[in-house]
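Counting convention: from 1, in listed order, for ligands and their atoms alike.
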Amino acid sequence: MKRVEIIDLPKVEDSRGNLTFLQNKDHIPFEIKRVFWTYDIPGGQIRGGHAYESQEEVIIALSGSFDVVITNSNEEKTKFSLNRSYYGLYIPPNTWRQMGNFSTNALSLHLSSSVYDESDYIRNFEDYKIK
Ligand code: TYD
């Protein structure tokens, strides 16, 4: 899997409430090495605004909603609106992403294929364009 795409996660519907899960190999196309989440995002703020050289990621809107905007090296943008906790957005390496339009109480879960490594970040869009 090497393009940005939505992963449909299992949803176990129940009158007591719904349950969604993910487990290695079955639903995520990499071994999860790190999990982080963003929350308490003030209105109008944006996150991201970078690519990773080798890291893969799956982003899930566990609560609330937000947009993930992908920009390719031709500066064409594609927007994915995440608002369901049973959808994951797979993002391959070398993909410029920015998250914005966060709702109140938005909780954004990130599953990552590697531990934190600042040297894996491409933070300058001009560097990204020539990769
Ligand atoms: P960053 O990835 O730039 O945030 P975002 O892309 O959501 O805007 O990370 C912000 C800061 O948090 C950065 O200075 C490093 C730190 N950080 C860690 O220490 N570990 C992590 O796993 C992450 C994702 C960030």
So is His110 touching ligand 1 or not, going by heavy atoms under 4.0 Å?
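Checking ligand 1 against His110, which is what was asked, there is no heavy-atom contact under 4.0 Å.
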
Starting from [atom], which protein heavy atom do you reach first, and at what distance in Å?
atom	value
atom 9 (O) of ligand 1	Tyr121 OH, 4.2 Å
atom 13 (C) of ligand 1	Tyr116 OH, 4.0 Å
atom 8 (O) of ligand 1	Gly48 N, 2.9 Å

Using heavy-atom distances, let me know which of Arg34, Met99, Arg47 sits nearest atom 24 (C) of ligand 1.
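Ranked by closest heavy atom to atom 24 (C) of ligand 1, first place is Arg34.
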
With rounding to the nearest 0.5 Å, note down the distance linking [atom1] in [X] to [atom2] in [Y].
X	Y	atom1	atom2	value
Ile91	Glu56	CD1	CD	11.0 Å
Ile60	Ile7	CD1	CD1	8.0 Å
Ile41	Met99	CD1	CE	8.5 Å
Asp67	Leu82	CG	CG	8.0 Å

Taking all non-hydrogen atoms of both residues into account, name the closest pair between Glu126 and Asn124 and its distance.
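Closest pair (atom of Glu126, atom of Asn124, distance): N-OD1, 2.8 Å.
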
At under 4.0 Å between heavy atoms, is it the side chain or the backbone of Arg123 that contacts ligand 1, or both, or neither?
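Only the side chain of Arg123 comes within reach of ligand 1.
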
Where on Glu118 is there a heavy atom closer than 4.0 Å to ligand 1, on the side chain, on the backbone, on both, or on neither?
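Near ligand 1, Glu118 shows nothing, with every heavy atom at 4.0 Å or more.
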
Short list, please: which atoms of ligand 1 are under 4.0 Å from a heavy atom of His50?
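The list of qualifying atoms is 2 (O), 6 (O).
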
Atom indices of ligand 1 within 4.0 angstrom of Phe36 heavy atoms, with elements:
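That gives atoms 24 (C) of ligand 1.
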
Return the orientation label for the Tyr128 and Trp96 ring planes: parallel under 30°, perpendicular over 60°, tilted otherwise.
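Tyr128 vs Trp96 ring planes: tilted.
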
Give me the ring orientation class for Phe36 and His110: parallel if the planes are under 30° apart, tilted from 30 to 60°, perpendicular past 60°.
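Geometry flag for His110 against Phe36: parallel rings.
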
ILVMFWY network linking Leu89 to Phe66, side-chain heavy atoms under 4.5 angstrom:
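They do share one cluster, since a chain of ILVMFWY contacts under 4.5 Å joins Leu89 to Phe66.
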
Please check atom 5 (P) of ligand 1 for a protein heavy-atom neighbour under 4.0 Å.
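Given the 4.0 Å cut-off, atom 5 (P) of ligand 1 counts as touching protein heavy atoms.
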
Below 4.0 angstrom, counting only protein heavy atoms, does anything approach atom 21 (C) of ligand 1?
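Protein heavy atom within 4.0 Å of atom 21 (C) of ligand 1: present.
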
